[in-house]
Amino acid sequence: MLRRNGTPLIRVSFLLAAILVCCLASAASLHAQTSKLTAEQRADALLKQMTVEEKIGQLNQAAGYVLGGAPPPEEQVRRGLAGSVLWVSEPAAINKLQKIAVEESRLHVPLLIGLDVIHGYHTIFPPPLAMSATWDPKLVERVQTIAAREARAAGINWSFAPMVDIARDARWGRMVEGAGEDPYLGAIMAKAQVLGFQGPELGTPEHVLACVKHFAAYGAADGGRDYDSSYVPDDLMWNVYFPPFKAAIDAGVGSLMSAYMDLNDVPATGNYWLLHDVLRDDWKFQGFVVSDAMAIGSLVTHGYARDREDAAYLAFHAGVNMDMASYSYLNELPKLVKAGRVTESEIDALVRPLLVAKYKLGLFENAYIDLSKIDSVMTDPASVTAAREAAQKSMVLLKNDGALLPLDKTGKKFGSIAVIGPVADSGPAQVGFWGGMITNGENVVTVIEGIKTKVGPSVRVQYAKGPSIRRQETSKFEGLPRIKLRDEKAQSAAESQSAFDEAVATAKRNDAIVLVLGEGVLMAGEAASNATLRLAGRQQELLEAVVAIGKPVVLVLINGRPLNISWAAEHVPAILEAWEPGNQGGNAVADILFGDANPGGKLTVTWPRSAGQEPLYYAHNLTFEPESAPGFKSRYQDMKTSPLYPFGYGLSYTSFALANLKLDTATAKVGDSVGVSVEVQNTGSVAGDEVVQVYVHQQSGSASRPVRQLKGFEKVTLAPGEKKTLHFALGKDELTYWSPSEKKWVLEPAVYDVWAGEDSTAKLHASFELTQ
Ligand code: NOJ
């Protein structure tokens with residue numbers, strides 16, 4: 001028998017085994033004994049057992065692959081050096097990582113597994129911008145509930161969503177990930193998404209931890225350029241950019257992500273005011289903060305931190321609990337502890353909420369997923385139905401001259417239809433950037449497929465793609481191993497020309513044309529900002545050539561942001577904004593084009609005529625010589641200032657009339673609520689959805705107030721001829737604002753205008769006065 005130091009090996013092994021059993025037993029009994037305690041008490045008990053190194057490990061979020069000179073993720077997890085792993089989406093791989101954490105790390109602490117489940121995991125729904133166009137928070141909650149269920153079944157217990165950045169500039173590629181330009185609507189959608197992801201409370205079965213992001217004002221990046229600095233005055237922070245975050249926190253969101261950019265020259269990820277004064281002191285946020293990916297390391301790039309050690313120090317003291325993949329905490333915090341710049345009790349304070357989240361999520365009881373159950377969750381027919389409904393309801397009918405839509409599916413009116421365009425048969429374009437990260441657009445019903453299924457043999461359908469579209473500048477995400485999506489291949493001039501000619505010829509051969517134009521998968525989303533909003537590639541040329549044929553043309557847009565369609569708005573009779581409509585998008589487009597669904601979506605972003613108008617939003621101030629002043633037509637000499645389509649706009653196959661806007665009082669005391677009622681009637685011949693919107697303007701006060709602000713809405717479904725009276729209240733919550741001259745929240749005596757209507761140009765008007 002071999003010996004080591006004179007001890008028989010068999011005895012050593014026995015001893016080791018005994019120690020291991022003992023450790024496992026004591027860990028198991030620790031977890032079992034503590035399961036009667038609250039998550040907070042259990043976290044405290046666990047903290048007492050952890051070494052400083054293990055605590056720092058909990059603050060580190062490892063990339064799911066080898067990155068930046070750090071040890072492989074498995075090794076980090078085994079050594080207790082990672083509290084979370086991100087960018088792993090395969091269930092078996094996730095189980096393997098959890099097994100290492102639970103069975104091989106010293107204290108058996110399970111992992112938070114984070115992923116960008118922004119609008120679906122297996123079933124891809126329309127993205128948040130499109131979902132906000134439903135103006136239906138219940139539906140938004142329902143689809144995120146499905147997204148959470150699928151993600152959790154696959155082992156993901158933390159979604160980096162909702163993204164609630166207010167976006168007022170369509171050049172910014174990430175506009176697609178949020179709920180648009182308006183803080184009131186944004187707050188409602190933020191709450192709905194948090195409830196969808198987390199359920200009524202963190203730890204609800206089949207749900208995940210949500211992460212509201214990117215704190216804050218990322219959407220205000222200069223020139224719409226992704227990652228560029230934001231300069232936002234305090235009153236806009238409080239009145240516009242913060243409200244959706246506050247709503248998410250009030251809804252119980254468990255985590256928050258800091259933003260990449262500088263906010264007023266202080267990087268958001270090292271910003272004490274944001275992460276401490278506002279988030280913890282003022283809002284009493286109890287969850288934890290994760291940095292955006294590599295953002296702590298990048299504090300050096302910003303010229304804010306001297307070096308990585310300084311970066312770790314600044315982010316740590318600002319209140320960032322977890323370092324996403326920059327490994328600054330892992331590498332630098334031990335030095336800072338040694339130098340006495342960071343204390344162990346400060347580390348405890350940042351680790352604690354992370355452990356609390358893990359306890360609440362039930363990960364200590366079971367970190368694994370049952371691989372045999374995944375399929376039944378992913379193939380739930382209810383998810384397919386929800387995806388189709390969500391896509392239908394998110395689409396916005398922008399134009400429908402001569403009631404060209406809905407098209408006749410019996411073939412009597414048009415015996416043949418040409419479906420033309422680079423995104424008419426594109427799964428990746430339909431699932432968009434985040435959908436494409438996880439799914440690569442397989443399992444998608446494309447527009448051409450949806451139309452063919454809808455009309456069956458009654459109408460001949462011919463498809464031609466036309467020239468393909470791709471980004472002009474290569475995406476930094478192209479080719480990354482974790483990312484499944486790829487951009488289209490470049491075409492030679494000859495290939496492009498022959499595709500163009502074929503598309504025009506196909507259009508000529510048919511009675512009507514459905515042109516499907518827009519953006520490819522990497523053209524919207526992160527690192528996908530635009531200097532122009534023009535249709536990419538040769539799409540404008542194709543559009544003009546097809547319209548010139550003189551046949552009826554319907555334009556369907558598949559995209560993540562308003563594009564410059566000013567020419568189309570003049571020359572194409574029918575335009576449907578379908579966004580990135582997800583897995584069931586093709587069916588939903590066909591449902592709408594052929595009248596099986598009546599469009600009811602309304603824009604949640606102002607649609608510009610040209611990129612040069614951006615940022616463009618309805619809630620601007622009046623200022624000197626407003627456009628409504630006599631003789632003033634436009635603030636530009638070369639173009640109207642007004643948008644192509646206003647915020648809140650969207651048509652239907654029926655028509656609605658609003659009447660009898662009434663206030664329950666003409667004067668009230670500051671602090672009292674004023675009741676508003678208005679009648680809405682379906683005056684057309686089919687059932688339809690209408691979103692009645694209420695806007696307010698404060699006529700005078702300690703600051704100039706926006707010309708209009710959305711302060712109430714209700715979506716109703718009305719049968720032909722049906723009429724309803726809707727009621728709204730304008731009280732403290734709706735009328736209080738943060739005043740830049742008072743530097744505090746105020747509710748002021750003033751005259752207030754009220755409008756009710758079908759979009760932000762609502763005409764019905766009334767007013768009331770608040771007195772002291
Ligand atoms: C960077 C993005 O800004 C953020 O939204 C995302 O959650 C992380 N990467 C993780 O993928």
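When a ligand or atom number is given, it counts from 1 through the structure's own listing order.
- Neither the backbone nor the side chain of Met437 comes within contact range of ligand 1; no heavy atom lies under 4.0 Å.
- Close contacts of ligand 1 with Trp87, meaning ligand atoms under 4.0 Å from a residue heavy atom, involve 10 (C), 11 (O).
- Ligand 1 places these atoms under 4.0 Å from at least one heavy atom of His214: 3 (O), 4 (C), 5 (O).
- Under a 4.0 Å N-O distance rule, the pair Lys284/Asp250 does not qualify as a salt bridge.
- Contact check on Glu206 versus Arg149 returns a salt bridge, with a Lys/Arg side-chain nitrogen under 4.0 Å from an Asp/Glu carboxylate oxygen.
- Ligand 1 has an N or O atom lying under 3.5 Å from an N or O atom of Lys213, backbone or side chain.
- Residue-environment remark: CD (Glu53) stays at or below the threshold of 12 foreign heavy atoms within 6.0 Å.
- Remark: aromatic rings of Phe215 and Phe245 are close, center separation under 6.0 Å.
- Distances shorter than 4.0 angstrom occur between a heavy atom of Met257 and an atom of ligand 1.
- No part of Met163 comes within 4.0 Å of ligand 1, judged by heavy-atom distances.
- For the residue pair Thr604 / Glu181, no side-chain donor-acceptor distance below 3.5 Å is found, with atom types taken as modelled.
- Here atom 7 (O) of ligand 1 lies nearest to Asp116 when heavy atoms of Asp292, Asp116, Ile118 are compared.
- Between Glu177 and ligand 1, not a single N/O pair is under 3.5 Å apart.
- For Lys358, the NZ atom sits in a packed shell: over 12 heavy atoms of surrounding residues, nucleotides or ligands are nearer than 6.0 Å.
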